[in-house]
Amino acid sequence: MARRALTTTAAAFATTAALLLTACGGGDDSSSDDIKGAGNSSGSPSASASPSAGSDAKRPVIKLPSSFQLTFENWTSSDPVEQAVLDDAKEEVRAGYAAIIANDPDSEAVSFYDTKGVRGMTKQWIKSYTDKDLTVIGKLPAFDAKVGMAKNGRGAALSYCTDESDAKTRNRKTDKVEGNPAGTNPYVRYSVSLTKNEQGVWQNSSVRGERGKCSR
């Protein structure tokens with residue numbers, strides 16, 4: 001289920017039957033300023049985030065079914081700007097999984113939360129499921145979120161972990177359910193760069209994942 005991990009290539013990801021595998025990452029790192037500071041973050045289960053601080057943009061409403069429980073543990077910060085970053089980053093993750101479940105690789109919600117340089121990679125990840133008639137089910141907690149802000153206030157770095165132990169795929173045609181292959185480390189650490197656009201939305205500008213770099 002990992003989105004872009006350093007342990008496999010995009011080609012290998014596309015040919016792997018099980019869903020809980022990973023693809024290489026990339027993006028357009030728009031912000032080159034030094035990232036400073038870190039904030040721990042608390043979250044909510046599956047409801048869309050509130051509008052980010054200082055933004056009047058109309059954000060898409062993203063809904064996930066009860067069959068897939070994507071949760072965000074402690075994705076909160078006392079700093080309103082950091083909270084805005086966490087809220088938009090959370091919605092980008094939710095948008096990606098909602099697109100898989102809806103069989104919609106061209107999801108407008110994904111485009112809303114990704115910069116142009118990342119949209120193609122996210123679409124490829126979504127299609128690695130939808131092209132095989134797979135959807136996602138089970139539980140996927142995201143935890144240990146930390147935010148750092150760029151000096152100019154328009155760039156941010158986010159790291160967080162996921163636990164894929166109870167996350168699975170289901171084939172839409174056969175109803176076959178699969179999890180990670182035996183022996184796969186279920187923990188993935190993500191490193192995300194975000195850029196604030198003109199509408200005040202924090203968009204993903206790069207994402208990469210490293211399997212086995214987290215624990216609980």
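Note that this is a predicted model, so its numbers are computed, not measured.
A 4.5 Å side-chain heavy-atom check between Thr195 and Arg154 finds every atom pair outside the cut-off. Between Met121 and Asp114, every side-chain heavy-atom pair lies at or beyond the 4.5 Å cut-off. Lys196 has its side chain within reach of Trp202: a pair of non-hydrogen atoms, C-beta onward, lies under 4.5 Å apart. Looking only at side-chain heavy atoms (C-beta outward), Asp166 and Gln69 stay at 4.5 Å or farther from each other. Considering only heavy atoms from C-beta on, Asn204 stays 4.5 Å or farther from Tyr113 through its side chain. By the 4.5 Å heavy-atom criterion applied to side chains, Asp163 and Glu73 are not counted as neighbours. At least one side-chain heavy atom of Ile100 sits less than 4.5 Å from a side-chain heavy atom of Trp125.
No side-chain donor from either of Ser77 and Asp79 sits under 3.5 Å from a side-chain acceptor of the other.
The NZ atom of Lys90 sits 6.5 Å away from atom CD of Gln83, with the distance rounded to the nearest 0.5 Å. Residue Arg119 holds its CZ atom at 12.0 Å from CG of Asp106, rounded to the nearest 0.5 Å. Separation of atoms CD (Glu178) and NZ (Lys168) is listed at 10.0 Å; rounding is to 0.5 Å. For the atom pair SG (Cys161) and CZ (Arg216), the distance works out to 9.0 Å, reported to the nearest 0.5 Å. Distance OG1/Thr122 to NZ/Lys127: 13.5 Å, rounded to 0.5 Å. Taken to the nearest 0.5 Å, the OG atom of Ser111 stands 10.5 Å off from the CD atom of Glu92.
The minimum heavy-atom distance linking Phe112 with Pro60 is given by the pair CD2-CD, 3.5 Å. Here the closest non-hydrogen pair linking Ile137 and Arg170 is CD1-CB, 4.1 Å. The two residues Pro141 and Thr71 come nearest to each other via the heavy atoms CA-OG1, 3.4 Å. Here the closest heavy-atom approach between residue Leu134 and residue Arg172 is recorded as O-NH2, 3.5 Å. Of all non-hydrogen atoms in Ala95 and Ser107, the two that sit nearest each other are O-OG, 4.5 Å. The two residues Pro105 and Thr130 come nearest to each other via the heavy atoms CG-OG1, 3.6 Å.
Both Leu140 and Val93 are part of a single hydrophobic cluster, where members link through side-chain heavy atoms under 4.5 Å apart. Cluster annotation: Phe72 and Leu64 are assigned to the same hydrophobic cluster (Ile/Leu/Val/Met/Phe/Trp/Tyr, side-chain heavy-atom contacts under 4.5 Å, transitive). Linking Ile, Leu, Val, Met, Phe, Trp and Tyr residues whenever their side-chain heavy atoms come within less than 4.5 Å places Val147 and Val81 in a single cluster. Residues Tyr187 and Trp75 do not share a hydrophobic cluster, defined by chaining ILVMFWY side chains whose heavy atoms lie under 4.5 Å apart.
Partner of Val110 under the side-chain contact (heavy atoms from CB on, under 4.5 Å) criterion, chosen from Ile62, Val118, Ile126: Ile126. When Leu86, Val207, Asp88 are each tested for a side-chain contact (heavy atoms from CB on, under 4.5 Å) with Leu158, only one passes: Leu86.
Ion pairing of Arg189 with Asp144 is present here, as a side-chain N (NZ or NE/NH1/NH2) and a carboxylate O approach within less than 4.0 Å.
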Original post:
Between Arg211 and Asn180, does a side-chain contact (heavy atoms from CB on, under 4.5 Å) hold up when you go through it step by step?
Top reply: CA-CA 12 Å; Arg211 187 173 291 281; Asn180 274 331; 3.9 Å; yes
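Note on ring orientation: taking the six-membered ring where Trp is involved, the planes of Tyr97 and Phe68 are tilted (angle from 30° to 60°).
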